[in-house]
Amino acid sequence: MSSFIGGPALAQDASQSGAATDKPPSIQSSLGPFGDPGGWRAAAEARGLTINLSYTNEMLGNLSGGLRRHGVYAGKLEAQLGIDLGTMAGWQGLAFFANAFQIHDTGGLRDRTFGRLVTVSNIEAYPSTRLSEIWLEQKWAGDRFGLRIGQITADGEFFSADYGRIFLSNDWPTITGANLPAGGPAYPISTPGIRFRAQPTDSLTALFAIFNGDPGDQKEVNRDGLRFPLRDPALLMGEVQYRYGQDKESTGLAGTWRLGGYHRLGRFDDLRYDRTGLALLHPTSNGEPRRLRGMSGLYGVVDHQLWRPEGGSHEDGILVYGRLSASPSDRSHIDLWADGGLVFSGLVPRRPHDQFGVSFIYSRIGRALRSADRDAQIHAGAFAPIRSYEATFEATYAAQIAPGWVVQPDIQYVYRPAGGVENPYRPGTLLKGGFIVGLRSTLTY
């Protein structure tokens, strides 16, 4: 069974029980008596209290392209607290969960070097010490139904591809991050919300959530995660999941299919036209964008096992995943998103927990913005590139050094950063894409 520990979304997913009953492999098993000094951890877990720590650090640099050659060191320390209130206080089915981050980096390749849209690293965020989630969840009917309320995120459960979590660039998709206020309720910021989960059969799951629609910009507004806004127009999300072949006893190919959507209430600016119907860049425009109702999106996700070794789990063998999403073109920075990849898990002789994978990401600039770029060409009288799309290719290898410790070399190629924009240091030319190389280490305790 694969033991790879990925980015923020996986850390959240591993804690869905609140008490963290399905924990990932821990470095504790390699530390002997120092793994649990005095037996405090085992004693706490026996009483329903679980504390998990994980530390991810990485070095990344671009070999070519971008505004300049640049290297960064980034790190994320996460602490998770889970309480099974059934064990601790006799309230069956009730769980408490909270987690916090200490995020440190010396500058992001995504923003400062390439100005790109798609994530370079899924731990990258504004340096801060911040609360992330804090919630209560009540489950009933044998855990087939659950109601969660508190400060929560969406990216741990919604719009997620299980097999894609090995990749550094795999994250809350840019089509939501670029189109929703403050990027939506996703790492590193959360927002007050309510999530309902129903699992009428072992294969079928339905999720529905209502979030406050603007968690606040992580740098200027919500720097410590202690802002709990309640008055913004709501974000509604729903998803249906169908799984098969997940049991250890299964011999057939495993898979998960997801179909979901979201709608953010409130108003959004038209990205091309003003309130009179003129192009915003027309010389006689009043410069006030037409206001449009709401922001919506539909998406589909598939995870599928192409080959399952004898005795292997649903995470072993040859795995493939893909995500596809679309949003209205007149108000969306990104109106079409597609990503996918191929993962080889547990196929290296004598290294059954290692993974290797290749992936791609495609994000298309919205039609209204492309048209606005054409308007700029007509009216500006200067070099004005028409943005089209941004693409990323990634290859990575995740090697388990010990249970709970993964070291991961990574290489990416960025094509058409930000969709194809002018290089501010070389007027009249496009900003070039290029190669990024890096090394990540993840420790879990």
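Residue numbers count from 1 along this sequence. Everything numeric in this text was worked out from a predicted model, so none of it was measured.
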> Can you name the closest pair of heavy atoms from L131 and L226 and give their distance?
Replying inline: CD2-CD2, 4.0 Å
>> Just verifying a value: how many Å separate I365 CD1 and R416 CZ, rounded to the nearest 0.5 Å?
In response: 9.0 Å
> Looking at D269 and R331, does any basic side-chain N land under 4.0 Å from a carboxylate oxygen?
Replying inline: no
>> For the backbone of T256 and the side chain of Q241, can you confirm whether one donor and one acceptor N or O come within less than 3.5 Å of each other?
In response: no
> Under 3.5 Å, is there a donor-acceptor pair between the side chain of R130 and the main chain of P188?
Replying inline: yes
>> Using the rule given for side chain to side chain contact (heavy atoms under 4.5 Å, CB included), can you reason through R267 versus R293, listing the C-alpha separation, both sets of side-chain angles and the distance that settles it, and then say yes or no?
In response: CA-CA 5 Å; R267 292 186 175 272; R293 290 184 179 273; 3.0 Å; yes
> Can you name the nearest heavy-atom pair linking L235 to P185, along with the distance?
Replying inline: CD2-CD, 3.6 Å
> Going through the checks in order, is the side chain to side chain contact (heavy atoms under 4.5 Å, CB included) test met by D143 and Q199?
Replying inline: CA-CA 8 Å; D143 292 348; Q199 188 178 3; over 6 Å; no
> Sub-3.5 Å donor-acceptor pair from the side chain of Q246 to the main-chain atoms of Y244, do we have one?
Replying inline: yes
> How close do L439 and P409 get, heavy atom to heavy atom, and via which atoms?
Replying inline: CD1-N, 3.6 Å
> Roughly how far apart are S388 OG and L369 CG, rounded to 0.5 Å?
Replying inline: 12.0 Å
> At their closest point, which heavy atom of M237 faces which heavy atom of A154, and how far apart are they?
Replying inline: SD-CB, 3.8 Å
>> I'd like to know if the side chain of T153 pairs up with that of E133 as donor and acceptor (distance under 3.5 Å, no hydrogens or angles considered).
In response: yes
>> Is there a side-chain contact between N57 and Y73 in this structure, where contact means two heavy atoms from C-beta onward sitting under 4.5 Å apart?
In response: yes
>> Between Y299 and E239, is there a side-chain donor-acceptor contact under 3.5 Å, judged purely by atom types and distance?
In response: yes
>> Tell me whether the rings of F167 and Y321 are parallel (<30°), tilted (30 to 60°) or perpendicular (>60°).
In response: tilted
> Do any N or O atoms from the side chain of Q305 and from the backbone of G255 form a donor-acceptor pair under 3.5 angstrom?
Replying inline: no
> When rounded to the nearest 0.5 angstrom, what distance separates CG in N222 from CD in E220?
Replying inline: 12.0 Å
> Just wondering, do R116 and T392 contact through their side chains at under 4.5 Å, heavy atoms?
Replying inline: yes
> Do the side chains of S327 and Y262 get nearer than 4.5 Å, heavy atoms only?
Replying inline: yes
> Any luck finding a side-chain donor-acceptor pair between Q218 and S128 under 3.5 Å?
Replying inline: no
>> Surrounding CZ of R426 (heavy atoms of other residues, nucleotides or ligands, distance under 6.0 Å), is the total greater than 12?
In response: no
> Are D232 and P181 side-chain neighbours, meaning at least one heavy-atom pair lies under 4.5 Å?
Replying inline: no
>> Consider side-chain hydrogen bond (donor to acceptor under 3.5 Å, both in side chains). Of T442, D354, T56, T396, which one does Q408 pass it with?
In response: T396
> Under 3.5 Å, side chain of D171 to main-chain N/O of P173, donor-acceptor pair present?
Replying inline: no
>> Pair S160, R258 - check side-chain hydrogen bond (donor to acceptor under 3.5 Å, both in side chains), show working.
In response: CA-CA 9 Å; S160 176; R258 296 175 171 90; 5.4 Å; no
> Given side chains that start at C-beta, do those of P229 and P192 come closer than 4.5 Å, heavy atoms only?
Replying inline: yes
> In terms of side-chain heavy atoms, does R370 have a donor or acceptor partner in S329 at a distance below 3.5 Å?
Replying inline: no
> Is there side-chain contact between L85 and L136, with heavy atoms separated by less than 4.5 Å?
Replying inline: yes
>> Quick one, T174 and H333 - any side-chain contact, counting heavy atoms below 4.5 Å?
In response: no
> Taking the six-membered ring for Trp, is the centroid-to-centroid distance between H104 and Y55 below 6.0 Å?
Replying inline: yes
> Are the side chain of S345 and the backbone N or O of G317 linked by a donor-acceptor pair below 3.5 Å?
Replying inline: no
> If you look at every heavy atom in R165 and G156, which pair is closest and at what distance?
Replying inline: NH2-O, 3.9 Å
> Within the distance-only criterion (no hydrogens, no angle test), does the side chain of N52 pair as donor or acceptor with the backbone N or O of Q80 below 3.5 angstrom?
Replying inline: no
>> Rounded at 0.5 Å granularity, tell me how far CG in L49 sits from CE in M88.
In response: 5.0 Å
>> So if I apply the salt bridge (charged side-chain N to carboxylate O under 4.0 Å, His left out) rule between R272 and each of D330, D375, D373, which one comes out positive?
In response: D375
> Which distance, rounded to the nearest 0.5 Å, do you find between the CG of L117 and the OG of S363?
Replying inline: 5.5 Å
> Given E58 and S121, is the side-chain hydrogen bond (donor to acceptor under 3.5 Å, both in side chains) satisfied, shown in steps?
Replying inline: CA-CA 9 Å; E58 60 193 17; S121 166; 2.3 Å; yes
Could you give the side-chain donor-acceptor pairs of residues 336-343 under 3.5 Å, partners two or more places apart or in another chain?
unit_1: W337; atom_1: NE1; unit_2: D339; atom_2: OD1; d: 3.4
unit_1: D339; atom_1: OD1; unit_2: R323; atom_2: NE; d: 3.1
unit_1: D339; atom_1: OD2; unit_2: R323; atom_2: NE; d: 3.2
unit_1: D339; atom_1: OD2; unit_2: R323; atom_2: NH2; d: 2.9

> Should the ring pair W140 and F196 be called parallel, tilted or perpendicular, given that the plane angle runs from 0 to 90° and is split at 30 and 60?
Replying inline: tilted
>> Does W172 form a side chain to side chain contact (heavy atoms under 4.5 Å, CB included) with Y187? I'd like the steps, not just the answer.
In response: CA-CA 8 Å; W172 181 240; Y187 172 84; over 6 Å; no
>> As an exercise, state the distance from CD1 of I103 to CD of E78, rounded to the nearest 0.5 Å.
In response: 9.5 Å
> Is the shortest side-chain N to carboxylate O distance from D202 to R144 below 4.0 Å?
Replying inline: yes
> Can a donor-acceptor pair be found between the side chains of D274 and S285 at a distance below 3.5 Å?
Replying inline: yes
> Would you find a donor on one side and an acceptor on the other, under 3.5 Å apart, between the side chain of N423 and the backbone of T429?
Replying inline: no
> Are Y413 and S64 linked by a side-chain donor-acceptor pair shorter than 3.5 Å?
Replying inline: no
> Is the number of heavy atoms from other residues, nucleotides or ligands within 6.0 Å of CZ (R367) greater than 12?
Replying inline: no
>> For a quick test of reading the model, state the closest non-hydrogen atom pair linking Q138 to W91 and the distance between them.
In response: OE1-NE1, 2.9 Å
> Any donor and acceptor pair, going by atom type alone, linking the side chain of E394 with main-chain N or O of S169 inside 3.5 Å?
Replying inline: yes
> Going through the distances and angles, do R69 and L63 end up as a side chain to side chain contact (heavy atoms under 4.5 Å, CB included)?
Replying inline: CA-CA 6 Å; R69 301 281 181 87; L63 300 179; 5.6 Å; no
>> Contact between F96 and I134 at the side-chain level, heavy atoms closer than 4.5 Å - yes or no?
In response: yes
